[in-house]
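Order of listing sets the numbers, starting from 1, for every ligand and every atom in it. Counting from 1, the numbers follow the sequence of the chain as shown.
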Amino acid sequence: MVDDVERAVAALRAGELVVFPTETVYGLGADAANARAVQRLFAVKGRPADHPVIVHVARASQLGELARDVPDDAHALAVACWPGPLTLVVRRDPARVVAEVTGGRETVGIRVPDHPLALALLDAFGGGVAAPSANRFGRVSPTTAAHARADLGDDVRVVLDGGACRVGVESTIVDVTGTVPAILRVGGVSRATVEQVIGRACVLHTSGEVAAPGTLASHYAPRAHVEVVEAAGVAERARSLAGAGRRVGVLAPVDAELSEPEAVVVLGAPRDAEDFAHVLYARLREADERELDVLLVVLPAGDDGPAAAVADRVRRAAH
Ligand code: TXA
Ligand code: MG
(Lines give C-alpha, C1' and ligand atoms only; values in the text may rest on other atoms or scores of the structure.)
(Ligands and ions follow the chains in the order given, each with its own letter.)
Protein backbone atom coordinates (compact mmCIF):
# COMPACT_ATOMS: atom_id res chain seq x y z
CA MET A 1 0.00 0.00 0.00
CA VAL A 2 2.87 2.36 0.81
CA ASP A 3 4.33 1.51 -2.61
CA ASP A 4 1.03 2.32 -4.25
CA VAL A 5 0.84 5.71 -2.55
CA GLU A 6 4.43 6.47 -3.57
CA ARG A 7 3.64 5.55 -7.15
CA ALA A 8 0.56 7.77 -7.06
CA VAL A 9 2.51 10.72 -5.64
CA ALA A 10 5.19 10.30 -8.34
CA ALA A 11 2.46 10.28 -10.99
CA LEU A 12 0.89 13.47 -9.63
CA ARG A 13 4.29 15.18 -9.53
CA ALA A 14 4.88 14.12 -13.15
CA GLY A 15 1.60 15.76 -14.18
CA GLU A 16 -0.24 12.46 -14.57
CA LEU A 17 -3.67 11.46 -13.33
CA VAL A 18 -4.47 9.19 -10.39
CA VAL A 19 -7.71 7.50 -9.35
CA PHE A 20 -8.12 7.46 -5.57
CA PRO A 21 -10.87 6.48 -3.11
CA THR A 22 -12.68 8.93 -0.85
CA GLU A 23 -15.49 8.27 1.62
CA THR A 24 -18.03 9.67 -0.91
CA VAL A 25 -17.07 8.46 -4.39
CA TYR A 26 -13.78 7.75 -6.23
CA GLY A 27 -11.91 10.81 -7.50
CA LEU A 28 -9.80 11.37 -10.62
CA GLY A 29 -6.93 13.50 -9.35
CA ALA A 30 -4.40 15.91 -10.83
CA ASP A 31 -1.93 18.39 -9.30
CA ALA A 32 -4.09 21.52 -8.71
CA ALA A 33 -1.08 23.77 -9.28
CA ASN A 34 -0.22 22.24 -12.69
CA ALA A 35 -2.31 23.77 -15.51
CA ARG A 36 -1.32 21.11 -18.07
CA ALA A 37 -2.21 18.27 -15.70
CA VAL A 38 -5.59 19.85 -15.04
CA GLN A 39 -6.20 20.29 -18.77
CA ARG A 40 -5.49 16.59 -19.23
CA LEU A 41 -7.89 15.84 -16.38
CA PHE A 42 -10.70 17.68 -18.17
CA ALA A 43 -9.84 15.94 -21.45
CA VAL A 44 -9.93 12.42 -19.94
CA LYS A 45 -13.08 13.20 -17.97
CA GLY A 46 -14.69 14.68 -21.09
CA ARG A 47 -15.78 17.65 -19.01
CA PRO A 48 -16.49 21.18 -20.34
CA ALA A 49 -13.68 23.57 -19.38
CA ASP A 50 -16.02 25.92 -17.49
CA HIS A 51 -17.12 23.28 -14.94
CA PRO A 52 -15.07 23.83 -11.76
CA VAL A 53 -13.54 20.85 -9.92
CA ILE A 54 -12.99 20.41 -6.19
CA VAL A 55 -9.48 20.64 -4.69
CA HIS A 56 -8.65 18.00 -2.08
CA VAL A 57 -6.17 18.62 0.73
CA ALA A 58 -4.85 16.66 3.71
CA ARG A 59 -5.78 19.07 6.48
CA ALA A 60 -7.96 22.04 7.38
CA SER A 61 -4.96 24.36 7.85
CA GLN A 62 -4.42 24.22 4.06
CA LEU A 63 -7.66 26.15 3.55
CA GLY A 64 -5.74 29.32 4.33
CA GLU A 65 -2.99 28.34 1.86
CA LEU A 66 -5.28 27.88 -1.15
CA ALA A 67 -7.91 30.50 -0.41
CA ARG A 68 -8.06 34.20 0.50
CA ASP A 69 -10.34 36.05 2.92
CA VAL A 70 -11.60 32.79 4.44
CA PRO A 71 -14.69 33.68 6.53
CA ASP A 72 -15.22 32.48 10.10
CA ASP A 73 -18.08 30.23 8.93
CA ALA A 74 -15.62 28.32 6.72
CA HIS A 75 -13.14 27.81 9.54
CA ALA A 76 -15.91 26.62 11.84
CA LEU A 77 -17.28 24.17 9.27
CA ALA A 78 -13.79 22.89 8.45
CA VAL A 79 -13.01 22.24 12.11
CA ALA A 80 -16.36 20.54 12.71
CA CYS A 81 -16.71 18.46 9.53
CA TRP A 82 -13.23 17.69 8.13
CA PRO A 83 -12.11 15.12 7.29
CA GLY A 84 -15.59 14.48 5.90
CA PRO A 85 -18.10 14.79 3.06
CA LEU A 86 -18.24 18.60 2.98
CA THR A 87 -16.88 20.91 0.27
CA LEU A 88 -16.41 24.61 1.05
CA VAL A 89 -16.56 27.16 -1.77
CA VAL A 90 -14.20 30.00 -0.86
CA ARG A 91 -12.23 32.72 -2.68
CA ARG A 92 -9.36 31.23 -4.68
CA ASP A 93 -5.73 32.28 -4.24
CA PRO A 94 -4.66 32.49 -7.91
CA ALA A 95 -1.04 31.72 -6.99
CA ARG A 96 -1.97 28.34 -5.45
CA VAL A 97 -4.91 27.14 -7.53
CA VAL A 98 -4.64 27.57 -11.30
CA ALA A 99 -7.63 29.09 -13.13
CA GLU A 100 -8.10 25.84 -15.11
CA VAL A 101 -9.29 24.13 -11.91
CA THR A 102 -12.21 26.49 -11.40
CA GLY A 103 -13.15 27.21 -15.00
CA GLY A 104 -11.79 30.74 -14.51
CA ARG A 105 -13.96 31.41 -11.44
CA GLU A 106 -12.69 33.50 -8.53
CA THR A 107 -13.91 30.84 -6.11
CA VAL A 108 -12.72 27.30 -5.44
CA GLY A 109 -14.29 24.28 -3.77
CA ILE A 110 -12.02 22.65 -1.17
CA ARG A 111 -12.39 19.55 0.98
CA VAL A 112 -10.51 17.11 3.22
CA PRO A 113 -11.81 13.61 2.41
CA ASP A 114 -12.29 11.06 5.19
CA HIS A 115 -10.51 8.03 3.77
CA PRO A 116 -7.15 6.71 5.01
CA LEU A 117 -5.78 6.08 1.50
CA ALA A 118 -6.85 9.53 0.27
CA LEU A 119 -5.31 11.17 3.33
CA ALA A 120 -2.08 9.19 2.90
CA LEU A 121 -1.89 10.33 -0.72
CA LEU A 122 -2.70 13.98 0.02
CA ASP A 123 -0.32 14.07 2.97
CA ALA A 124 2.58 12.60 0.98
CA PHE A 125 1.86 14.84 -2.02
CA GLY A 126 1.63 17.95 0.12
CA GLY A 127 -0.28 20.21 -2.28
CA GLY A 128 -3.86 20.36 -3.46
CA VAL A 129 -5.26 17.62 -5.71
CA ALA A 130 -7.98 18.71 -8.13
CA ALA A 131 -10.43 15.85 -8.53
CA PRO A 132 -13.90 15.37 -9.98
CA SER A 133 -15.64 12.04 -9.55
CA ALA A 134 -13.72 9.37 -11.52
CA ASN A 135 -16.40 8.72 -14.14
CA ARG A 136 -16.64 10.01 -17.69
CA PHE A 137 -18.75 13.14 -17.97
CA GLY A 138 -22.47 12.40 -17.66
CA ARG A 139 -22.08 8.91 -16.17
CA VAL A 140 -22.87 7.64 -12.69
CA SER A 141 -20.12 8.31 -10.11
CA PRO A 142 -17.90 5.31 -9.25
CA THR A 143 -18.05 3.92 -5.72
CA THR A 144 -15.53 1.11 -6.29
CA ALA A 145 -12.14 1.00 -8.02
CA ALA A 146 -13.64 -1.44 -10.55
CA HIS A 147 -16.32 1.12 -11.51
CA ALA A 148 -13.64 3.75 -12.09
CA ARG A 149 -11.53 1.34 -14.16
CA ALA A 150 -14.57 0.36 -16.22
CA ASP A 151 -15.24 4.02 -17.03
CA LEU A 152 -11.72 5.31 -17.60
CA GLY A 153 -9.98 2.24 -19.00
CA ASP A 154 -6.38 2.75 -20.04
CA ASP A 155 -6.49 6.52 -19.72
CA VAL A 156 -5.33 6.31 -16.11
CA ARG A 157 -2.47 4.04 -15.08
CA VAL A 158 -2.49 4.53 -11.32
CA VAL A 159 -5.64 3.40 -9.50
CA LEU A 160 -5.60 3.26 -5.69
CA ASP A 161 -8.12 0.66 -4.52
CA GLY A 162 -9.65 1.51 -1.14
CA GLY A 163 -12.71 -0.73 -1.35
CA ALA A 164 -16.32 0.42 -1.59
CA CYS A 165 -16.93 4.06 -0.60
CA ARG A 166 -18.58 4.39 2.80
CA VAL A 167 -20.96 7.30 2.09
CA GLY A 168 -21.65 6.53 -1.58
CA VAL A 169 -22.93 9.94 -2.76
CA GLU A 170 -20.94 13.12 -3.41
CA SER A 171 -20.08 15.68 -0.73
CA THR A 172 -22.36 18.46 0.48
CA ILE A 173 -21.21 21.74 -1.12
CA VAL A 174 -21.53 24.95 0.93
CA ASP A 175 -20.70 28.33 -0.62
CA VAL A 176 -19.49 30.62 2.16
CA THR A 177 -18.51 33.56 -0.07
CA GLY A 178 -21.88 35.36 0.19
CA THR A 179 -23.53 37.10 3.14
CA VAL A 180 -25.60 33.98 3.84
CA PRO A 181 -23.98 30.52 3.38
CA ALA A 182 -25.66 28.57 0.57
CA ILE A 183 -25.89 24.80 0.13
CA LEU A 184 -25.23 24.14 -3.58
CA ARG A 185 -25.42 20.33 -3.38
CA VAL A 186 -26.85 18.09 -0.66
CA GLY A 187 -24.66 15.17 0.42
CA GLY A 188 -23.21 13.34 3.38
CA VAL A 189 -23.29 16.32 5.77
CA SER A 190 -26.85 17.38 6.64
CA ARG A 191 -28.24 20.90 6.43
CA ALA A 192 -29.04 20.64 10.16
CA THR A 193 -25.36 20.02 10.92
CA VAL A 194 -24.24 22.96 8.77
CA GLU A 195 -26.71 25.30 10.47
CA GLN A 196 -25.81 24.05 13.93
CA VAL A 197 -22.11 24.71 13.29
CA ILE A 198 -22.55 28.23 11.87
CA GLY A 199 -25.25 29.08 14.38
CA ARG A 200 -27.77 30.40 11.84
CA ALA A 201 -29.89 29.40 8.88
CA CYS A 202 -28.39 28.85 5.45
CA VAL A 203 -30.14 28.88 2.09
CA LEU A 204 -30.67 25.89 -0.18
CA HIS A 205 -29.55 26.75 -3.69
CA THR A 206 -29.54 23.35 -5.37
CA SER A 207 -31.74 24.11 -8.37
CA GLY A 208 -32.65 26.99 -10.62
CA GLU A 209 -29.64 28.98 -11.74
CA VAL A 210 -26.44 27.04 -12.25
CA ALA A 211 -24.90 27.55 -8.83
CA ALA A 212 -22.72 24.46 -9.04
CA PRO A 213 -22.46 23.64 -12.76
CA GLY A 214 -22.81 19.95 -13.33
CA THR A 215 -25.48 19.43 -10.71
CA LEU A 216 -28.29 20.50 -13.05
CA ALA A 217 -28.36 18.20 -16.05
CA SER A 218 -29.08 14.50 -15.69
CA HIS A 219 -25.58 13.64 -14.50
CA TYR A 220 -26.62 10.81 -12.32
CA ALA A 221 -28.56 8.80 -14.88
CA PRO A 222 -28.05 5.19 -15.93
CA ARG A 223 -29.26 4.08 -19.37
CA ALA A 224 -32.34 2.55 -17.76
CA HIS A 225 -35.24 4.95 -17.33
CA VAL A 226 -35.57 5.85 -13.63
CA GLU A 227 -39.00 6.47 -12.11
CA VAL A 228 -39.76 7.56 -8.54
CA VAL A 229 -42.80 5.74 -7.11
CA GLU A 230 -44.57 5.40 -3.76
CA ALA A 231 -44.25 1.96 -2.16
CA ALA A 232 -48.01 1.45 -2.48
CA GLY A 233 -47.89 2.04 -6.23
CA VAL A 234 -44.95 -0.24 -7.11
CA ALA A 235 -46.90 -3.42 -7.80
CA GLU A 236 -49.37 -1.83 -10.18
CA ARG A 237 -46.76 0.23 -12.04
CA ALA A 238 -44.42 -2.77 -12.35
CA ARG A 239 -47.23 -5.00 -13.62
CA SER A 240 -48.28 -2.52 -16.26
CA LEU A 241 -44.73 -1.94 -17.48
CA ALA A 242 -43.90 -5.64 -17.50
CA GLY A 243 -47.16 -6.27 -19.32
CA ALA A 244 -46.01 -3.85 -22.01
CA GLY A 245 -42.87 -5.96 -22.45
CA ARG A 246 -40.45 -3.78 -20.49
CA ARG A 247 -37.75 -5.23 -18.26
CA VAL A 248 -38.51 -3.73 -14.85
CA GLY A 249 -36.39 -3.42 -11.71
CA VAL A 250 -37.21 -2.11 -8.24
CA LEU A 251 -34.94 -0.39 -5.73
CA ALA A 252 -36.71 0.21 -2.43
CA PRO A 253 -35.99 0.31 1.30
CA VAL A 254 -36.29 -3.05 3.03
CA ASP A 255 -39.36 -1.91 5.02
CA ALA A 256 -41.29 -0.81 1.92
CA GLU A 257 -43.21 -4.15 1.95
CA LEU A 258 -43.67 -4.47 -1.78
CA SER A 259 -45.88 -6.96 -3.51
CA GLU A 260 -44.26 -6.72 -6.90
CA PRO A 261 -44.96 -9.26 -9.63
CA GLU A 262 -42.46 -12.05 -10.18
CA ALA A 263 -41.01 -10.76 -13.43
CA VAL A 264 -39.55 -7.78 -11.61
CA VAL A 265 -35.83 -7.69 -10.72
CA VAL A 266 -35.39 -6.55 -7.13
CA LEU A 267 -32.13 -4.64 -6.77
CA GLY A 268 -31.30 -5.10 -3.12
CA ALA A 269 -33.23 -3.60 -0.24
CA PRO A 270 -31.27 -0.95 1.65
CA ARG A 271 -31.80 -0.97 5.42
CA ASP A 272 -31.98 2.81 5.96
CA ALA A 273 -31.16 6.11 4.23
CA GLU A 274 -27.42 5.76 4.92
CA ASP A 275 -27.32 2.28 3.48
CA PHE A 276 -29.42 3.48 0.52
CA ALA A 277 -26.83 6.17 -0.26
CA HIS A 278 -24.04 3.61 0.16
CA VAL A 279 -25.48 1.24 -2.49
CA LEU A 280 -27.29 3.70 -4.80
CA TYR A 281 -24.71 4.14 -7.57
CA ALA A 282 -23.78 0.46 -7.62
CA ARG A 283 -27.48 -0.36 -8.06
CA LEU A 284 -27.85 2.15 -10.90
CA ARG A 285 -24.91 0.47 -12.64
CA GLU A 286 -26.42 -2.94 -11.95
CA ALA A 287 -29.66 -1.81 -13.61
CA ASP A 288 -27.67 -1.27 -16.80
CA GLU A 289 -25.70 -4.51 -16.45
CA ARG A 290 -28.99 -6.37 -16.20
CA GLU A 291 -30.27 -4.43 -19.19
CA LEU A 292 -33.33 -3.16 -17.40
CA ASP A 293 -35.57 -0.75 -19.32
CA VAL A 294 -37.12 0.85 -16.26
CA LEU A 295 -35.97 1.12 -12.64
CA LEU A 296 -38.72 1.97 -10.14
CA VAL A 297 -37.29 3.64 -7.04
CA VAL A 298 -39.01 4.05 -3.67
CA LEU A 299 -37.15 6.79 -1.79
CA PRO A 300 -35.99 6.33 1.82
CA ALA A 301 -37.87 8.25 4.52
CA GLY A 302 -36.42 11.55 5.75
CA ASP A 303 -35.77 15.03 4.37
CA ASP A 304 -32.19 15.84 5.38
CA GLY A 305 -28.75 14.20 5.30
CA PRO A 306 -28.42 10.92 3.35
CA ALA A 307 -32.19 10.72 2.65
CA ALA A 308 -32.10 14.17 1.01
CA ALA A 309 -28.97 13.29 -0.94
CA VAL A 310 -30.51 10.04 -2.23
CA ALA A 311 -33.75 11.84 -3.21
CA ASP A 312 -31.72 14.54 -4.99
CA ARG A 313 -29.61 12.08 -7.04
CA VAL A 314 -32.55 9.81 -7.88
CA ARG A 315 -34.70 12.76 -9.03
CA ARG A 316 -31.86 13.97 -11.26
CA ALA A 317 -31.46 10.45 -12.64
CA ALA A 318 -35.21 10.38 -13.29
CA HIS A 319 -35.14 13.74 -15.06
O1 TXA B 1 -17.65 13.98 -2.92
C2 TXA B 1 -17.21 14.70 -3.81
O3 TXA B 1 -17.35 15.93 -3.80
C4 TXA B 1 -16.45 14.01 -4.95
C5 TXA B 1 -15.16 13.42 -4.40
C6 TXA B 1 -14.25 12.87 -5.47
O7 TXA B 1 -14.49 14.39 -3.64
N8 TXA B 1 -16.18 14.92 -6.01
C9 TXA B 1 -17.14 15.37 -6.88
O10 TXA B 1 -16.65 16.16 -7.89
O11 TXA B 1 -18.29 15.08 -6.79
P12 TXA B 1 -17.46 16.56 -9.18
O13 TXA B 1 -16.48 17.29 -10.02
O14 TXA B 1 -18.10 15.38 -9.78
O15 TXA B 1 -18.53 17.58 -8.66
C16 TXA B 1 -18.07 18.83 -8.17
C17 TXA B 1 -19.21 19.79 -8.07
C18 TXA B 1 -19.67 20.28 -9.42
O19 TXA B 1 -21.09 20.31 -9.43
C20 TXA B 1 -19.10 21.69 -9.46
O21 TXA B 1 -19.89 22.55 -10.23
C22 TXA B 1 -19.08 22.10 -8.01
O23 TXA B 1 -18.72 20.92 -7.35
N24 TXA B 1 -18.07 23.11 -7.76
C25 TXA B 1 -16.74 22.95 -7.70
N26 TXA B 1 -16.12 24.13 -7.50
C27 TXA B 1 -17.09 25.06 -7.43
C28 TXA B 1 -17.11 26.48 -7.26
N29 TXA B 1 -15.98 27.18 -7.14
N30 TXA B 1 -18.30 27.11 -7.24
C31 TXA B 1 -19.44 26.40 -7.38
N32 TXA B 1 -19.49 25.07 -7.56
C33 TXA B 1 -18.34 24.41 -7.59
MG1 MG C 1 -19.33 14.08 -10.72
**Q** Determine whether a donor-acceptor pair (N or O, by modelled atom type, separation under 3.5 Å) exists between the side chain of Q62 and the backbone of R59.
**A** yes
**Q** So which of S141, P132, P52 gets nearest to atom 26 (N) of ligand 1, if we judge by its closest heavy atom?
**A**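 It is P52 whose heavy atom sits nearest to atom 26 (N) of ligand 1.
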**Q** With backbone taken as N, CA, C and O and side chain as the heavy atoms from C-beta onward, which portion of I173 lies under 4.0 Å from ligand 1: side chain, backbone, both, or neither?
**A**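 Just the side chain.
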**Q** Can you name the side-chain hydrogen bond (donor to acceptor under 3.5 Å, both in side chains) partners of R223, sequence neighbours left out?
**A** none
**Q** One residue to check: H56. Relative to ligand 1, which of side chain, backbone, both or neither has a non-hydrogen atom less than 4.0 Å away?
**A**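 Contact part for H56 vs ligand 1: side chain (C-beta onward).
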**Q** Let me check something: any side-chain donor-acceptor pairs from residues 29-38 under 3.5 Å, sequence neighbours excluded? List them with distances.
**A**
from	atom 1	to	atom 2	distance (Å)
D31	OD1	A33	N	2.9
N34	OD1	R36	N	3.0
N34	OD1	A37	N	3.1

**Q** Looking only at heavy atoms, is any part of H115 under 4.0 Å from ligand 1, and if so is it the side chain, the backbone, or both, or is it neither?
**A** neither
**Q** Just which atoms of ligand 1 are under 4.0 Å from any heavy atom in S171?
**A**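 Listed by number with element, the hits are 1 (O), 2 (C), 3 (O).
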**Q** Checking D304 now: which residues fulfil side-chain hydrogen bond (donor to acceptor under 3.5 Å, both in side chains) with it, not counting sequence neighbours?
**A**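 None.
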**Q** Does ligand 1 have an atom that lies less than 4.0 angstrom from a heavy atom of V108?
**A**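 Checking ligand 1 against V108, which is what was asked, there is a heavy-atom contact under 4.0 Å.
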**Q** How does R105 reach ligand 1, by side chain, by backbone, by both or by neither, if only non-hydrogen atoms under 4.0 Å count?
**A**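 It is the side chain that gets close, since no backbone atom is under 4.0 Å.
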**Q** What part of T24, side chain, backbone, both or neither, has a heavy atom within less than 4.0 angstrom of ligand 1?
**A** side chain
**Q** Identify which protein N/O/S atoms are less than 2.8 Å from the Mg ion (ligand 2).
**A**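 Metal shell, protein only: S133 OG.
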